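Just so you know, ligand 1 is whichever comes first in the structure, and atom 1 is the first atom listed for that ligand. This structure is a prediction, so every number in the text was calculated from the model and none was measured.
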Amino acid sequence: MTQDELKALVGQAALQYVVPGEIVGVGTGSTVNKFIDALATMKDQIQGAVSSSEASTQRLLALGIPVFDSNAVQSLSVYIDGADEIDPRGHMVKGGGAALTREKIVAAQSRRFVCIADESKRVEVLGRFPLPVEVIPMASARITRQFAAMGGTARLRLKGGQPLVTDNGQHILDVTGLALKDPLAFESEVNQWPGVVTVGVFAHQRASVCLLGTPGGVRTITY
Ligand code: 5RP
């Protein structure tokens with residue numbers, strides 16, 4: 001099975017976690033795109049979605065799924081999103097699609113986080129994938145130095161030769177060289193640095209369930 005087929009498999013499998021009659025939290029990325037396509041087959045059974053990015057919003061609306069402002073919804077029973085890495089305790093690295101801040105916001109308002117991923121995303125210790133950090137541009141040089149002091153190398157993410165600008169009008173640093181052995185403590189610490197909007201470690205908002213796409217089918221892991 002190709003990686004794309006594995007993504008489609010878990011995107012489809014995630015439908016069983018969508019609660020009929022409710023609003024569902026929707027993440028961002030190529031795996032979530034498969035989920036959104038599958039969600040369209042049951043759009044008449046849900047009220048709509050709260051979306052974590054402009055890209056997902058556009059896709060949802062194009063398929064006729066209403067999108068609600070997160071402020072208009074008190075809580076969601078489920079948030080469905082992909083990950084760049086997931087460890088054995090359900091901690092994740094996210095933000096490869098630059099949507100980490102809104103993803104964390106929607107995850108925080110959801111009672112359950114269902115992670116959908118192909119098996120290449122499973123790691124023992126987070127830190128192989130460059131860690132995305134959304135930052136306020138005027139702070140990026142100092143934050144880069146703070147990561148260097150920890151042994152990490154931060155690089156400004158570019159798009160078309162220019163700094164990538166997120167949906168929130170900020171920049172992304174991708175940090176390599178860190179082994180995130182205590183993701184919870186790391187997330188708490190980096191989140192306090194002035195100018196950090198969001199660090200792409202999802203330990204406080206870890207997964208409750210992971211639907212992992214494997215050649216043998218979907219493996220369900222609960223945390
Ligand atoms: C976007 C994300 C995505 O969930 C993550 O990058 C995984 O993406 P994909 O499903 O395309 O592999 O965090 O900000």
Side-chain angles (χ1 to χ4, degrees), residues 1-15 17 24-39 49-60 70 78-87 90-108 110 112-123 126-135 156-159 163-176 180 183 187 190-191 196-214 218:
M1 243 188 261
T2 64
Q3 199 181 23
D4 203 54
E5 287 166 339
L6 293 177
K7 289 178 182 190
L9 200 64
V10 292
Q12 182 72 34
L15 289 185
Y17 291 89
V24 57
V26 174
T28 300
S30 55
T31 315
V32 165
N33 283 345
K34 304 289 190 193
F35 167 65
I36 294 174
D37 294 347
L39 189 63
V50 170
S51 164
S52 64
S53 64
E54 297 300 332
S56 289
T57 296
Q58 292 315 318
R59 196 176 187 98
L60 287 158
S70 68
V78 67
Y79 176 62
I80 294 169
D81 198 358
D84 297 304
E85 292 187 327
I86 183 160
D87 80 4
H91 302 141
M92 296 165 286
V93 163
K94 292 182 45 54
L100 63 164
T101 298
R102 295 188 187 196
E103 290 173 343
K104 211 174 262 193
I105 292 168
V106 187
S110 305
R112 206 170 195 202
F113 189 136
V114 176
C115 174
I116 49 176
D118 63 84
E119 62 181 355
S120 70
K121 307 294 182 66
R122 195 134 195 269
V123 296
L126 301 177
R128 194 177 59 197
F129 188 89
L131 174 69
V133 184
E134 184 165 1
V135 300
L156 185 64
R157 193 181 299 182
L158 302 178
K159 189 177 178 187
L164 177 141
V165 178
T166 67
D167 286 350
N168 312 306
Q170 311 301 340
H171 288 171
I172 298 280
L173 295 176
D174 290 304
V175 188
T176 52
L180 306 176
E187 181 182 8
V190 175
N191 261 337
V196 168
V197 179
T198 304
V199 58
V201 173
F202 282 56
H204 291 280
Q205 268 78 43
R206 72 187 174 126
S208 332
V209 177
C210 179
L211 303 178
L212 200 68
T214 76
V218 178

Q: Under the side-chain hydrogen bond (donor to acceptor under 3.5 Å, both in side chains) rule, collect the residues that match up with S208, sequence neighbours excluded.
A: none
Can you sort out which atoms of ligand 1 are near [X], meaning under 4.0 Å from one of its heavy atoms?
| X | value |
| --- | --- |
| D81 | 4 (O) |
| G29 | 11 (O) |
| K121 | 7 (C), 9 (P), 12 (O) |
| A98 | 14 (O) |
| T28 | 1 (C), 2 (C), 3 (C), 4 (O) |
| G82 | 4 (O) |
| G96 | 6 (O), 13 (O), 14 (O) |
| D84 | 5 (C), 6 (O), 7 (C), 13 (O) |

**Q.** Any N/O pair G97/ligand 1 closer than 3.5 Å
**A.** yes
Q: Compute the shortest N/O to N/O distance between G95 and ligand 1 and return yes if it is under 3.5 Å, no if not.
A: yes
Q) Which residue pairs satisfy the salt bridge (charged side-chain N to carboxylate O under 4.0 Å, His left out) criterion with at least one member in residues 96-107, sequence neighbours excluded? A) E54-R102, K94-E103, K104-E187
Q: Answer whether the closest heavy-atom distance between the side chains of I86 and R206 falls below 4.5 Å.
A: no
Q: Answer with side chain, backbone, both or neither: which part of A83 has a heavy atom less than 4.0 angstrom from an atom of ligand 1?
A: backbone
Q | Contact partition for A117 relative to ligand 1, non-hydrogen atoms under 4.0 Å | A | neither
